[in-house]
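The block underneath contains the structure these notes are about, expressed in structure tokens.
Order of the sequence lines fixes the chain letters, A, B, ..., with proteins taken first and strands second; residue numbering starts at 1 for each chain.
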Amino acid sequence: MLHIKKLIGFLLFFIVFSGISCDPFNSIIENRSNEDAVIYYKAETIKTPAASSDSIKVVTWNIKFGGGRIDFFFDCYGDRVLMTKDEVISNMNGIIAKIKSLNPDIIYLEEADIQSKRSAFVDQVQMILDNTDLNYGVYASQWQADYVPSDGVGKVNSGNAILSKYELKNAERIPLSLIEEDPGYVQYFYLRRNLLKTDITINGKDIVLFGTHTSAYSNDGTKLKQLKTIKEEVDKTNAAGKTFILGGDFNTIPPNSVVYEHFNDAACDSTSDYYETGFAGQLDDMQMFYDNYTPAINQARYGTTLSSQEHFFSFTSNKDGFWNRKLDYIFTNGTFSGNSGHVLQNAGSDNLPTMPLSDHAPLSVSFKLN
Amino acid sequence: MKLKLFLIIFLISLSGISRAQNPKWSNNTADVLEQGRKEIGIFSPFKMGLKNNGELAVHPILFFIIPNATYKKQWKSTENYRLASKHTFTYPSFLLKTLSRSGVGGILPATSTIPQLFKLNNTALFSIDKFNQTFTFSAGFDLCLSAGDSDFSYIEWHIVYPRTYSLNNTFTPHAGIDVTGNLYKKFIYEYKFNTFFLTNVDAGIITENQFKITWQKSDKFAVKAGAVYSYGTFPFGKDGGLYPMFDVMFGF
């Protein structure tokens, strides 16, 4: 009996000292308070924004963790996992040059790495703030683990960011559903999608900003659940009489898309975890946003033919091909200027081609403040 | 918070210390197992006391994926101090190649190139008994010799990173202090502070504070539990982490 008591005492001591938790790799972001789940950023030098205007430029861009067009294993075009610091800096310099050329007042970033082995631990959010006219940022992780024991990924911290020339406040990370069909250990080490929310005031106008990046590979309806959560959140803001701008990579194509499966850039076969099954059965998933809010590219402009739709495609995994589907969106319950929504598929007057910079092209729109 | 709790309990535990620990069991001092004595743990290697104040240790299960052997020799033993050295050889190439893979279990990318690696750890140990405790000062280095093409990244994980740093950088000096003594009856405590000096200009140092308690039921059975707090400069910046330790030991 005494031996058992000693063993029990021992185990208690072990538990106290061990700091054992259910999250040994610090990957369960939902366990953290909001203060710990959101990071506020500030540029090293604050730049004074230009004189007030009636409108602001809003951009959304999935920057593929500064990976440019390196052939990573998950696209099945190659087998790269990690980048050197020189590669990251070179790719980020291209992204920064494009952002400077665009000169947004607000930019939503997806797949921004802040402390990941794959991107040489470069804090990409800080790097953009320090090298553009943007001053403030908020960041919420979608993928964070001390070490991901798969494919050599290692330490990762990647997520959504909202950057602006103007101060951001009251940031909140709203978790989205995990992919239910994934086994527990995959859920533990893999992506935890979120909706990042923050407040901004520009020229006296209060706006709620929402940034997001939904699931790419779910086949069990998780993506639709995530879209519904996002819709509920923006609906609440709208019902409260507040103006919002929602931007991000929704990994879903618009209704009436002519091409929705068998995309010409698919390189992964059906045995791969990154095999694309297309969007059959998902064509109406975005309709609820179009029905209630103003998109940067409305359905009339998007059209019902391939020749009209292809001008707004914003994604391809094939650097030698062309953009072949629209996955990126900006919506508001306010007002966008005319037909200002534009996907920067090619080099503009800045002669900076966007194809080499990421597997996504930036989407830009002008938002009316008054 | 956890570190404060750690220190408080350590200090409280020191107050009840009385006589010296059971000399049968192996430890991190300059003492060696008596000749013929053998020990093994669930996680610890098999150890055997040799003649001429030597001690040999081999991890029997890990040996098949990371061949290893440790020889500890006590060179001098006086009333006032003991002096020993410990030499560990490992061949980590096979393990690293196994861990360089696609999918789950890929600690390193599948594209890694692992050379032939021969790692030696050499440590000098100097132990003195004071205030009924045994203080051991250690200093040593990891030396890794490599043959063939090499292209693999660090494993930037607490506990692992400082011990594998030399695989990419040849040389890692380390130093530490170990304090051990009797806590209460058959309970022995051990506190160990270890510092790894990473040799690249920006690499910095990694420190480990380890505290454990061993219940030595007899010469044949012991249970140890504790924790190690690791802190230092990693490739991603400064970071700290607390990790548990546990083992069940058998002596014969």
Side-chain angles (χ1 to χ4, degrees), chain A residues 2-3 5-21 24-26 71-74 76 78-85 113-123 144-157 183 185-186 188-190 271-274, chain B residues 1-3 5-6 8-10 13 96 99-112 151-158 160-161 183-187 189 210-215 217-218 221-229 234-237 239 241-248:
Chain A
L2 189 59
H3 296 328
K5 283 185 182 174
K6 282 182 178 175
L7 276 172
I8 291 171
F10 223 82
L11 282 170
L12 284 172
F13 167 79
F14 171 63
I15 288 166
V16 165
F17 267 94
S18 71
I20 284 178
S21 69
F25 289 87
N26 292 313
D71 290 325
F72 291 98
F73 69 97
F74 50 81
C76 304
D79 55 10
R80 289 286 302 273
V81 178
L82 307 176
M83 292 185 279
T84 65
K85 191 166 185 178
D113 275 11
I114 66 167
Q115 204 182 54
S116 300
K117 184 175 183 174
R118 64 181 181 179
S119 51
F121 305 109
V122 171
D123 187 335
Q144 185 173 349
D146 287 350
Y147 211 94
V148 176
S150 180
D151 297 293
V153 170
K155 186 173 176 70
V156 68
N157 194 340
Y185 66 89
V186 173
Y188 179 75
F189 282 109
Y190 200 43
T271 61
S272 167
D273 290 334
Y274 308 101
Chain B
M1 178 60 194
K2 284 178 183 170
L3 186 55
L5 180 61
F6 185 101
I8 288 166
I9 296 184
F10 168 59
S13 64
L96 291 180
L99 297 175
S100 302
R101 46 175 290 162
S102 307
V104 176
I107 303 297
L108 295 172
T111 51
S112 302
D151 184 13
F152 64 99
S153 64
Y154 296 112
I155 302 174
E156 69 286 352
W157 204 356
H158 286 279
V160 175
Y161 177 63
L183 197 59
Y184 175 71
K185 292 190 178 177
K186 294 187 179 184
F187 288 90
Y189 84 90
Q210 193 184 110
F211 183 76
K212 62 183 181 230
I213 292 178
T214 305
W215 173 49
K217 179 183 177 298
S218 68
F221 181 78
V223 177
K224 57 172 93 166
V228 55
Y229 180 73
F234 292 79
F236 51 85
D239 194 51
L242 184 67
Y243 301 92
M245 297 184 306
F246 179 75
D247 206 356
V248 178

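Residues A:Ser150 and A:Tyr190 fail the side-chain proximity criterion, which asks for heavy atoms closer than 4.5 Å.
Between the side chains of B:His158 and B:Asp239, a donor-acceptor pair is found at a separation under 3.5 Å.
Not one N or O on the side chain of B:Tyr229 forms a donor-acceptor pair closer than 3.5 Å with the backbone of B:Phe211.
Most heavy-atom pairs under 4.5 Å with chain A: of the set B:Leu108, B:Ile107, B:Leu99, this distinction falls to B:Ile107. Ranked by non-hydrogen atom pairs under 4.5 Å with chain B, the options A:Phe25, A:Phe189, A:Phe73 are led by A:Phe25.
Interface residue B:Thr111: only side-chain heavy atoms are found under 4.5 Å from chain A.
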Q: Go through the steps for B:Phe234 and B:Tyr154 under the test side chain to side chain contact (heavy atoms under 4.5 Å, CB included), then give the verdict.
A: CA-CA 10 Å; B:Phe234 292 79; B:Tyr154 296 112; over 6 Å; no
